[in-house]
Amino acid sequence: MFGDWHQLWVIISTPDNIPIVAMLGLVPFFTWYAFHNMLANDRLIAQLEADPQLARTHHRTTYPYNSRWERELHTNPFLMRKELLAAIIITIILMVWALTLNAPLEEPANASVTMNPAKAPWYFLGLQEMLEYFDPWIAGVIVPTLIIVGLMAIPFIDANPLGNGYYTYHQRRHAVWTFLIGFEGLWLVLVCIGTFIRGPGFMWYWPTQTWDPDRVEFNVNRNLDQIFGINGNWLVHILPASLRPEAVIIARALFGIIPMVVYGIAAALFIHWICMRTEYSRTVYRKMSILQTVTMYIFLITMLFVPVTIFLRLVFRIKYIWETPWFSI
Amino acid sequence: MADQKDANGRKTGVLEDLKEKSREFGEIVKTKTQEQLEELKKPQETQLYRSIFRIKHDEDPRNRALSTLNNLFFHIHPAKVNRDATRYGYTWGLGGITFYLFIVLVFTGVMLMFYYHPTKVQAFRDILYLENDVPFGRLLRNMHRWAAHLMVMAVWLHMFRVFMSGSYKRPREFNWCVGVLLMVLTLLLSFTGYLLPDDQLGFWAVTVGTNMARATPLLGHQGPFGPQLGMTPYNDVRFALLGGSIVDANALLRAYIWHCIAIPLIASVFMGVHFWRVRKDGGISGPSPVMLEAETKA
């Protein structure tokens with residue numbers, strides 16, 4: 001049932017969903033603002049590159065410059081009054097928000113009555129959404145760990161000395177795109193799917209589709225090895241007699257290595273192709289140590305694996321790419 | 001005792017003496033009062049004021065600088081800042097807003113603690129009491145909740161800004177890492193607070209969240225290689241988080257302690273390091289003069 005605008009309104013107006021609704025406006029705004037600053041600097045950089053004479057002057061920011069002005073201002077009051085103003089504005093926003101919308105309070109906790117849908121707080125819905133595509137140990141433990149470690153690794157991987165302390169797109173294309181894909185394209189999109197799309201049973205409901213607690217889905221998700229019809233028939237002839245009963249399992253586990261390796265190589269080639277596209281990125285790439293390069297490849301290949309898996313699940317209904325008795329991916 | 005006479009032949013008795021003295025005393029009080037009322041017009045000259053603020057507030061550069069440097073709360077700032085760095089367009093003010101929201105949360109949180117018992121019997125009733133009977137209790141709870149959400153938003157957007165302006169680059173690599181940990185602590189603070197009202201929303205969110213801990217590799221009883229290492233529902237990492245095998249009274253108490261004491265303390269330490277490193281790494285990162293490709297070392 002589409003066209004149920006009331007359903008959409010119920011989701012949007014749920015008090016705990018307000019932050020993500022606000023983020024729908026704030027994130028595009030700040031993205032635009034960042035690019036606005038970036039492109040202004042990029043125009044200046046292009047101008048300076050074209051005119052070496054100008055590059056020797058103080059004309060190195062997009063802000064107005066006057067040699068008679070002092071380079072530094074007193075913190076009190078020139079910075080502090082802005083901080084005070086920001087604090088007042090935030091207080092007003094918070095007061096208005098707190099006076100108009102009540103914090104949610106459901107029935108008392110009851111282990112025998114399951115909430116449907118049972119959702120995590122909005123900022124963790126990306127991880128909960130990940131549970132749909134990965135086993136819990138990946139979605140709940142490995143992915144968050146990799147996100148945290150990966151974020152902390154950024155300054156040590158990024159060998160590009162340009163763009164330190166000023167906005168620029170032209171000089172940092174790869175870094176900017178990597179972050180946009182990771183933060184907005186994956187994390188925030190998954191949070192939005194978890195907030196707006198997932199309904200009762202954590203099933204997929206398009207916007208304006210009515211939530212139906214009685215809905216039952218019959219999706220047949222198949223493993224990649226099933227699609228390729230891996231049954232271990234030929235493996236039986238090679239294996240020693242004691243392992244023959246497990247031929248199917250072993251064949252699947254062995255087969256699963258193939259798509260993983262193929263994906264890894266393909267993703268690595270794709271990343272390599274991107275890194276080699278411009279003269280400057282080749283220069284930066286050459287400067288990186290082996291450890292930096294390897295770490296960057298591992299994190300980027302892993303990050304790209306998430307949208308690939310989501311695509312395979314949603315479009316081709318593939319459950320596991322690699323199934324073993326101990327873990328499945 | 002015979003009355004004495006002065007030069008004009010007037011009697012000068014005890015009474016007259018007293019009158020004279022009280023008149024003089026009145027004069028002194030009057031002039032002193034006038035003087036001291038005059039002084040009150042300049043409160044910053046008073047001993048009391050100077051004992052608190054330590055400096056004169058004269059309009060000169062030295063005192064302007066001292067007003068920042070000699071104040072415990074302001075001295076996280078340098079005395080002077082880069083002219084362009086005070087522009088909103090560079091920092092978007094988000095780090096400061098995040099810190100301000102943390103202060104708001106500590107304040108409202110402490111107020112809420114006066115009314116809250118972390119026990120299965122009382123917790124939910126305390127929320128009802130707060131919402132319906134405590135003066136401004138509902139406003140207090142709403143502010144705490146929405147400030148928490150705002151803080152998560154501000155942290156994410158702050159990270160976005162720092163990335164987009166390349167502020168994590170040398171020499172600020174370490175401070176970026178501290179910032180990432182602070183973001184994680186913010187999320188954990190928010191998440192541990194979710195359970196405290198002891199309602200269905202928090203209960204199931206925490207149930208879903210901690211169920212994932214079951215699947216931790218090596219440390220969870222359903223995770224890869226967990227059972228092989230002897231993990232059961234009664235000794236794995238989820239048990240440690242909840243203080244039991246289900247979300248119950250112990251989980252409520254643990255969430256409360258983490259939320260109100262442990263994580264705020266840890267986060268405060270990291271915040272101290274974060275702000276200190278901002279200064280030690282050379283103040284805020286920009287807006288720096290742009291660099292050209294030709295100027296980089298090959």
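In the text below, chain A, chain B and the rest are named by the order of the sequence lines, each starting its count at 1. Heavy-atom basis, side chains included; hydrogens, waters and symmetry copies ignored.
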Problem set entry | Per-residue contact mode, B:Trp156 against chain A (heavy atom under 4.5 angstrom) | both

Problem set entry | B:Arg138, part contacting chain A, at a heavy-atom distance under 4.5 Å | side chain

Exercise. When heavy-atom pairs shorter than 4.5 Å are enumerated against chain B, which of A:Pro161, A:Pro136, A:Pro121 gives the highest number?
Worked result: A:Pro121

For this session: Give the minimum heavy-atom separation between B:Asn142 and A:Ala103, together with the two atoms involved.
Result: OD1-N, 2.8 Å

For this session: Name the member of B:Thr68, B:Ile284, B:Leu140, B:Val184 that forms the most heavy-atom pairs with chain A at distances under 4.5 Å.
Result: B:Thr68

Exercise. Within 45 degrees of the axis of the six-membered ring of A:Phe78 and under 6.0 Å from its centre: does B:Arg64 put its NZ or CZ there?
Worked result: no

Problem set entry | Heavy-atom proximity to chain A below 4.5 Å, by part of B:Val290 | both

Exercise. Of all of B:Leu187, B:Asp248, B:Asn82, which one pairs up most often with chain A through heavy atoms under 4.5 Å apart?
Worked result: B:Leu187

For this session: Select one option (side chain, backbone, both, neither) describing which atoms of B:Leu101 are under 4.5 Å from chain A's heavy atoms.
Result: side chain

Exercise. Out of curiosity, A:Asn76 CG to B:Asn71 CG, how far, rounded to the nearest 0.5 Å?
Worked result: 9.0 Å

Exercise. Under a 4.5 Å heavy-atom cut-off, does chain A meet the side chain of B:Leu157, its backbone, both or neither?
Worked result: side chain

For this session: Test A:Thr91 against B:Tyr100 for side-chain contact (heavy atoms from CB on, under 4.5 Å), laying out the working first.
Result: CA-CA 9 Å; A:Thr91 311; B:Tyr100 176 66; 2.5 Å; yes

Exercise. Hey, mind stepping through A:Trp122 and B:Val152 against side-chain contact (heavy atoms from CB on, under 4.5 Å) and telling me if it holds?
Worked result: CA-CA 10 Å; A:Trp122 63 275; B:Val152 173; 3.8 Å; yes

For this session: Please check if the side chain of A:Tyr123 supplies one atom and the backbone of B:His149 the other of a donor-acceptor pair under 3.5 Å.
Result: no

For this session: Flag the one option from B:Val178, B:Val180, B:Val206 with the top tally of heavy-atom pairs under 4.5 Å to chain A.
Result: B:Val180

Problem set entry | Engaged part of B:Ser190 at the chain A interface, taking heavy atoms whose separation is under 4.5 Å | both

For this session: Please confirm whether the backbone N or O of A:Val113 pairs with a side-chain atom of B:Trp204, one donor and one acceptor, at under 3.5 Å?
Result: yes

Exercise. Hey, does B:Phe74 have a side-chain heavy atom less than 4.5 Å from the side chain of A:Thr75?
Worked result: no

Seminar exercise, completed: Tightest non-hydrogen contact, residues B:Arg87 and A:Lys82, listed as CA-NZ, 4.1 Å

Exercise. Where do B:Arg145 and A:Pro104 come nearest, in terms of heavy atoms and distance?
Worked result: NH2-CG, 3.5 Å

Problem set entry | B:Lys169 and A:Asn160: CA distance, side-chain angles, deciding distance, side-chain contact (heavy atoms from CB on, under 4.5 Å) verdict | CA-CA 9 Å; B:Lys169 298 191 176 195; A:Asn160 180 2; 3.9 Å; yes

For this session: Give a yes or no on whether the backbone of B:Phe203 and the side-chain of A:Glu106 come within a donor-acceptor separation of less than 3.5 Å.
Result: no

Exercise. For B:Trp92 and A:Asn37, what are the C-alpha separation, side-chain angles and deciding distance, and is it a side-chain contact (heavy atoms from CB on, under 4.5 Å)?
Worked result: CA-CA 12 Å; B:Trp92 309 345; A:Asn37 287 339; 4.1 Å; yes

Problem set entry | Closest heavy-atom pair and its distance - B:Ala205, A:Ala120 | CB-CA, 4.1 Å

For this session: Answer with side chain, backbone, both or neither: which region of B:Ala147 has an atom nearer than 4.5 Å to a non-hydrogen atom of chain A?
Result: both

Exercise. Can you find a heavy atom in the side chain of B:Ile97 that is under 4.5 Å from one in the side chain of A:Ile89?
Worked result: no

For this session: Tell me whether the centres of the aromatic rings in A:Phe124 and B:Phe191 are closer together than 6.0 Å.
Result: yes

For this session: For each of B:Met212, B:Glu173, B:Arg125, B:Met164, tally heavy-atom pairs with chain A at distances under 4.5 Å, and name the one with the top tally.
Result: B:Met164

For this session: Please name the pair of heavy atoms, one in B:Pro287 and one in A:Thr61, separated by the smallest distance, quoted to 0.1 Å.
Result: O-CG2, 4.2 Å

Problem set entry | Which atoms of B:Trp146 approach chain A - backbone, side chain, both or neither, heavy atom under 4.5 Å | both

Exercise. So which part of B:Phe124 gets closer than 4.5 Å to some heavy atom of chain A, the side chain, the backbone, both or neither?
Worked result: side chain

Problem set entry | Top contributor to chain B contacts, counting heavy-atom pairs under 4.5 Å, from A:Trp187, A:Phe183, A:Phe179 | A:Phe179

Problem set entry | Pair B:Tyr90 + A:Tyr167: ring centers closer than 6.0 Å | yes

Problem set entry | A:Trp69 side-chain N/O to B:Arg83 backbone N/O, donor-acceptor pair under 3.5 Å | no

Seminar exercise, completed: If you tally heavy-atom pairs under 4.5 Å between each of A:Asp135, A:Asp16, A:Leu44 and chain B, the highest tally belongs to A:Asp16

Seminar exercise, completed: Interface check, chain B: of A:Pro77, A:Ala87, A:Pro144, most non-hydrogen pairs under 4.5 Å belong to A:Ala87

For this session: Using non-hydrogen atoms and a 4.5 Å limit, figure out which bit of B:Leu201 sits close to chain A: side chain, backbone, both or neither.
Result: both

Exercise. Considering only heavy atoms, which portion of B:Tyr168 lies under 4.5 Å from any heavy atom of chain A: side chain, backbone, both, or neither?
Worked result: both

Seminar exercise, completed: Heavy-atom closest pair (A:Trp137 atom, B:Pro217 atom, distance to 0.1 Å) is CE3-CG, 3.7 Å

Problem set entry | Which portion of B:Tyr194 sits near chain A, non-hydrogen atoms under 4.5 angstrom | side chain

Exercise. Which one of A:Pro108, A:Pro19, A:Ala22 has the most heavy-atom pairs closer than 4.5 Å to chain B?
Worked result: A:Pro108

Exercise. Of the backbone (N, CA, C, O) and the side chain (C-beta and beyond), which part of B:Gln222 lies under 4.5 Å from a heavy atom of chain A, both, or neither?
Worked result: neither

